[in-house]
Amino acid sequence: MAEDGDAPRHSCLKLELDGADPVFVKGTWFESRFDLAVTDGQDAWICIASEDEVEDRASQWDQPVAEYVQLAERYLGFQQPDSVYKFVDAGDGQKRLSWTFEKEGIKLEWRWKCKPAADSKRVTAGILDFLMDANITLSEEVIRKGRSFDRLKAEAEQCLAQSEKFSKEKEEFEAAIYKKFVAVLNSKKAKLRILRDRLSKEPHPKSPETDQHSTEKTETFIEDGNTDDKTEEEADTGTSKNVPATRPRSRGRNQLRK
């Protein structure tokens, strides 16, 4: 059979009915078929949807078999708020389970007939056992999730504490660095002020351009002086030509002494 290679899925739903007491519906889902067990706490009913029946229903609705099974699991695994569920008598102790859904804007209804269980107590006990196991599994999952949450919370608090510590250390480090920087900057400023005061008290040396300019002026003045001297000498020379030469007096005195 096809289900031999399938991994069945299980669901259990407390189904709120329209105008009736709620019932529990347990589903076992395969790829091409499914089984239903329904109980109201006192009596039980079962529905064995074979592969041929599911294929026939799917062909009537122009659906693939897998899609038909998935849609049935969706409406019987979780109660859909927009669907109307009914579980009514179908004669001979049988019940008809139905639910509505919309497709392309048209409201449709699926119906499956459930037969009375040969052993209602066993079917009901099986549903209760499934609910108990699911409750235990969920409780363990909640405990595991809670522990994981507590561990993550502790790690988050530890990370937050470390972050605050690092932030405080960073602020202290920046404050210390800034303090040292200010001290160094003030020291440099003080040294610069001392050097500036020394420079302001020392005489300013003449610039090379000024010395060169002064030298040029001096040389020009010397040249002018030489020209004047030459002119005077020439004037004296010219005058001496016109005046007759006189004998030196010292020579006459020497002759008298002889």
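Excluded from the calculations below are hydrogen atoms, water molecules and symmetry mates; all remaining heavy atoms, backbone and side chain alike, are included. Just so it is clear, the structure is predicted and the values come from calculations on it, not from any experiment.
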Hey, are the side chains of [X] and [Y] touching, using non-hydrogen atoms and a 4.5 Å cut-off?
X	Y	result
Gln79	Leu15	yes
Gln63	Lys103	yes
Lys26	Val38	no

With clusters defined by side-chain heavy atoms of hydrophobic residues (ILVMFWY) lying less than 4.5 Å apart, directly or transitively, does [Y] cluster with [X]?
X	Y	value
Val23	Leu97	yes
Val25	Phe78	no
Leu108	Val69	yes
Phe24	Val123	yes
Val84	Trp112	no

Are the side chain of [X] and the backbone of [Y] linked by a donor-acceptor contact shorter than 3.5 Å?
X	Y	value
Thr124	Ser120	yes
Glu55	Val65	no
Gln80	Arg74	yes
Tyr85	Tyr75	yes

Nearest 0.5 Å, what's the [atom1]-[atom2] distance between [X] and [Y]?
X	Y	atom1	atom2	result
Lys107	Phe101	NZ	CZ	11.5 Å
His10	Asp35	NE2	CG	10.0 Å
Cys12	Asp133	SG	CG	11.0 Å
Ser83	Trp99	OG	CH2	8.5 Å
Asn135	Glu140	CG	CD	10.0 Å
Leu13	Leu76	CG	CG	7.5 Å

When every non-hydrogen atom of Asp92 is compared with those of Pro116, the smallest separation belongs to O-CG, 4.3 Å
Minimal heavy-atom distance between Val54 and Arg33, with the atoms involved, is CG2-CA, 4.1 Å
Can you confirm whether the side chains of Ser98 and Trp110 place a donor and an acceptor under 3.5 Å from each other? no
The single option from Asp43, Asp89, Asp40 that satisfies salt bridge (Lys or Arg N to Asp or Glu O under 4.0 Å) with Lys95 is Asp89
Residues at least two apart in sequence or cross-chain that pass salt bridge (Lys or Arg N to Asp or Glu O under 4.0 Å) with Lys189, listed by chain then number, are none
Residue pairs meeting side-chain hydrogen bond (donor to acceptor under 3.5 Å, both in side chains), one or both in residues 141-150, sequence neighbours left out, come to Glu141-Arg144
Phe87 meets the ring pair (Phe, Tyr, Trp, His ring centres under 6.0 Å) criterion, sequence neighbours left out, with Trp45
From CA spacing to verdict: side chain to side chain contact (heavy atoms under 4.5 Å, CB included), Gln158, Lys153
CA-CA 9 Å; Gln158 183 178 1; Lys153 182 180 178 181; over 6 Å; no
Notebook entry, point to check: Does a side-chain N-to-carboxylate-O contact under 4.0 Å join Glu31 and Arg9?
Noted result: yes
Glu53/Arg57 ion pair, N-O < 4.0 Å:
no
What residues form a side-chain hydrogen bond (donor to acceptor under 3.5 Å, both in side chains) with [X], not counting sequence neighbours?
X	value
Asp56	Gln60
Glu157	none
Gln70	none

Which label fits Trp29 and Phe34: parallel for a plane angle under 30°, tilted from 30 to 60°, or perpendicular past 60°? tilted
